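Here the structure is laid out as structure tokens; the discussion comes afterwards.
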Amino acid sequence: MMTPLKEKIRNAITLALRSLSYPEKDCSLAPPKNIDFGDLSSNIALLLAKELKKSPMDIAKNIVNELNNNLTGHTTNISITNPGFINFEIDDHYFQSQIIHILNKNQVYGKGDVGTGQTANVEFVSANPTGPLTVGHGRNAILGDAVSNILEWQDFKVTREYYFNDAGRQMRILAQSVEARYFELLGKDLKLPEDGYQGEYIKDIAQIILDENGKDLNSGSNIFKNKAEEIIFNDIKDSLKKLGINFDQFTNEKTFYENGDIDKFMNELRTKNLIYEKENATWFKTSSLGKDQDRVYIKSSGEPTYRVPDTAYHRNKIKRNFDLIIDVFGADHADAYPDVITALEALGHNTDHIRVLIYQFVTLLKGGEKIKMSTRKADFVTLDDLVNEVGIDVVRYFFVMRSMNSHLDFDLDLAADQSDQNPVYYLQYAHARISNIISRANDLGVTFEGVFDPSLLKHDDEMNLLKYMVRFPEFVDLAYESLEPQNIANYLQELSARFHKFYNHCRVITDDIELSRARLAIVKATRIILANGFNILGISAPERM
RNA sequence: GCCCUCGUAGUUCAAUGGAUAGAACAAGUGCCUCCUAAGCAUUAGAUGCAGGUUCGAUUCCUGCCGAGGGCACCA
């Protein structure tokens with residue numbers, strides 16, 4: 001872990017600034033891209049130049065003079081490069097010594113403690129039970145699960161929550177669609193409702209109902225809706241389970257009507273004079289809270305709009321005292337959640353601990369054509385189909401390796417064609433190779449039993465690997481701060497690249513027993529990091545491939 | 001028309017305001033008597049356009065162009 005060393009250097013910089021009577025500033029201290037510039041680099045002189053009205057190079061020289069007096073330990077050389085960067089070289093011994101640290105920490109190497117003693121709620125997927133999960137839901141599901149893992153890696157106690165509504169208009173149409181298919185099976189006219197669900201699965205459900213309940217059901221029977229919901233929900237849960245995603249809690253929107261939360265919340269807004277009636281509808285006066293337009297809360301039909309239960313639900317989450325509340329929403333919700341936040345704030349709630357993650361939609365391509373996804377029109381590719389076609393790890397990695405802000409194109413033909421050259425295998429292959437080396441070494445009786453000489457690891461490819469290994473905790477923290485799992489994916493990709501390079505240039509098991517032991521140690525440490533990273537991303541760590 | 005997100009190599013995507021913009025696929029060339037060639041080495045190839053802020057801009061700001069999503073008494 002580089003952090004203690006970085007702290008030390010930061011402190012030294014602060015001391016140097018003080019003794020030079022320079023103002024203290026936050027500055028960067030990070031590994032430069034080009035290793036010729038050293039192991040860590042700071043821009044402090046560049047930041048001070050304007051204020052001090054001096055050239056950055058001169059400032060850097062003064063700082064370095066001070067640093068040379070007060071900085072001791074692993075820093076072997078401090079240099080200055082144009083336009084005024086201060087570069088620190090760290091001795092090999094520091095990096096070599098970290099191997100033991102990684103081996104000792106093992107499965108907890110890289111874990112942070114930001115969330116110690118805290119709870120987090122991550123709401124994701126939240127698809128209503130109107131049909132199977134699509135590839136689009138897949139992005140949500142995998143993102144939400146990976147974010148949950150990132151939080152757990154910071155020691156948060158995480159509740160994975162699925163919110164659904166089984167009482168709305170869509171569910172009514174679903175029931176009518178099933179009913180229509182049921183009567184169709186009985187040879188009656190098909191009266192599929194306008195906007196009805198057209199998928200094959202509706203027919204399957206109708207068939208099950210016919211088998212289980214006979215042919216005497218009346219139009220409007222509750223069985224259509226209830227059975228459809230049950231079957232579809234089980235299907236959804238199976239799909240998620242197949243991807244390794246398990247929810248701790250399912251919350252039904254209905255709860256907040258039944259327990260009075262919604263009435264209570266409407267009354268409170270009314271007391272605050274934020275509710276009014278117009279044209280037979282009930283409106284929320286968002287305009288008086290800085291928004292450009294008011295929103296309908298209760299339609300003239302008497303049905304509340306989705307904002308009402310959503311707000312009650314978020315209030316419920318706040319009252320459950322989570323330290324962190326995360327919503328994973330598709331881009332279509334981007335405009336909606338601010339209204340929920342506005343209402344919560346109007347009710348006097350602090351919403352600083354709510355983070356809404358918006359991911360952009362996936363464009364599916366098939367045969368070069370874009371597919372518009374609609375559950376209703378059965379114009380979709382199910383998540384199950386995709387997983388069956390290319391495998392869990394490929395699907396998970398695909399969604400986790402890209403920023404959630406990117407509009408991704410998912411070419412189904414390409415995904416199937418190229419599933420055996422998916423980048424995830426590059427990472428897993430590194431893990432499998434290491435596992436093979438270790439079992440090989442065991443067979444040959446080469447073990448280091450905790451004793452090895454780290455100073456033997458001085459090959460360029462060994463040092464490059466080592467210097468990147470120690471940065472794992474940094475990337476775990478970055479992933480937490482940004483809540484973007486791709487930071488981990490990017491890191492693992494680079495780590496694997498450095499490992500494969502090492503593998504091709506440095507033989508682990510050789511006649512030189514001492515060197516073999518040291519290399520076995522670095523390789524074991526690498527495997528620990530890979531496995532930990534895979535763990536966060538939810539992909540498997542194969543022993544062989 | 002207004003709001004959100006995006007525009008990087010032939011293609012799909014990376015890049016805490018930092019130094020020489022990275023991968024993968026596709027194209028070209030080498031490397032398995034040696035721990036797994038799902039690998040390594042190597043060639044070629046990119047920041048939509050115009051301004052601005054900055055010592056420094058793919059990154060921040062403004063405008064334009066282009067793509068996706070939203071702007072419902074749908075969720």
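Please read all numbers here as calculations on a predicted model, not as lab measurements. Side chains are part of it too, since the values below use all heavy atoms of this structure and drop only hydrogens, waters and symmetry mates.
Contact check, A/Ser406 against B/A14: a side-chain N or O comes under 4.0 Å of OP1 or OP2. Not one side-chain nitrogen or oxygen of A/Tyr425 sits closer than 4.0 Å to the OP1 or OP2 atom of B/A38.
Among the protein residues, A/Thr81 comes within range of the nucleic acid bases, having at least one heavy atom under 4.0 Å from a base atom. Counting any heavy atom pair closer than 4.0 Å across all strands shown, A/Arg507 reaches a base atom. Using a 4.0 Å heavy-atom criterion, one finds that A/Asn34 contacts the bases of the nucleic acid, with or without backbone contacts as well. Nucleic acid contact class of A/His500 (heavy atoms, under 4.0 Å, all strands): sugar-phosphate only. A/Asp335 comes within 4.0 angstrom of a nucleotide base, judged by non-hydrogen atoms across all strands. Among the protein residues, A/Asp339 comes within range of no part of the nucleic acid, since none of its heavy atoms lies under 4.0 Å from any strand. A/His505 comes within 4.0 angstrom of sugar-phosphate atoms only, judged by non-hydrogen atoms across all strands, and of no base. Residue A/Ala281 is classed as a base contact, given a heavy-atom separation below 4.0 Å to a base. Using a 4.0 Å heavy-atom distance criterion, A/Asn405 is classed as a sugar-phosphate-only contact. Counting non-hydrogen atoms under 4.0 angstrom, A/Phe410 reaches nothing in the nucleic acid. Within the 4.0 angstrom heavy-atom criterion, no nucleotide atom of any strand lies near A/Ser55. Across all strands shown, A/Asn422 has no heavy atoms under 4.0 Å from either base or sugar-phosphate atoms. Within the nucleic acid shown, A/Arg544 comes within 4.0 Å of at least one base atom, counting heavy atoms only. Across all strands shown, A/Leu408 has heavy atoms under 4.0 Å from sugar-phosphate atoms exclusively, and none from any base.
Map A/Ala432 and A/Ile358 each onto its nearest nucleotide of RNA chain B; the residue landing nearer the 5' end is A/Ile358. Mapping A/Glu253 and A/Lys501 onto RNA chain B by nearest heavy atom places A/Lys501 closer to the 5' end of the strand.
In this entry the distance linking CH2 of A/Trp283 with C1' of B/C73 reads 7 Å, nearest Å.
With salt bridges taken as basic N to acidic carboxylate O contacts below 4.0 Å, one links A/Glu123 and A/Lys317. Using a 4.0 Å cut-off between charged side-chain N and carboxylate O, A/Lys467 and A/Glu89 make no salt bridge.
Under the Watson-Crick or G-U wobble criterion, with both distances below 3.5 Å, B/C64 is paired with B/G48. Nucleotide B/A72 forms a pair with no other nucleotide shown, judged by Watson-Crick or G-U wobble geometry with both contacts under 3.5 Å. As the counterpart of B/A38, no nucleotide is assigned, since no Watson-Crick or G-U wobble pattern has both distances under 3.5 Å. Under the Watson-Crick or G-U wobble criterion, with both distances below 3.5 Å, B/U58 is left unpaired in every strand shown.
Between the base of B/C73 and the side chain of A/Thr305 there is no donor-acceptor pair shorter than 3.5 Å. No N or O donor and acceptor, one from the side chain of A/Thr363 and one from the base of B/A67, sit under 3.5 Å apart.
When each of B/G69, B/A15, B/U12 is scored by its nearest atom to the side-chain atoms of A/Arg402, the top-ranked nucleotide is B/U12. Distance from the side chain of A/Gln293 is smallest to B/C71 among B/C71, B/G39, B/C55. Side-chain proximity of A/Lys50 to the nucleotides B/A23, B/C35, B/U54 is greatest for B/U54.
Taking the six-membered ring for Trp and thresholds of 30 and 60 degrees, A/Tyr359 and A/Phe361 have ring planes more than 60 degrees apart, a perpendicular arrangement. Below 30°, between 30° and 60°, or above 60°: for A/Phe233 and A/Phe164 the angle between ring planes is above 60°, a perpendicular geometry.
Stacking between A/Phe361 and the base of B/G69 is absent under the criterion of ring centres within 5.5 Å and planes under 30 degrees. A stacking contact links A/Phe37 to B/A19: the aromatic ring centre lies within less than 5.5 Å of the base's six-membered ring centre, and the planes differ by less than 30°.
Judged by a 6.0 Å distance limit and a 45° cone about the ring axis, A/Arg433 is positioned over the six-membered ring of A/Tyr503.
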Step by step, would you call A/Tyr429 with A/His500 a ring-ring contact (aromatic ring centres under 6.0 Å, His included)? CA-CA 9 Å; A/Tyr429 189 50; A/His500 286 306; 5.7 Å; yes
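Taking the ring centroids of A/Phe329 and A/Phe124, they lie at or beyond the 6.0 Å cut-off.
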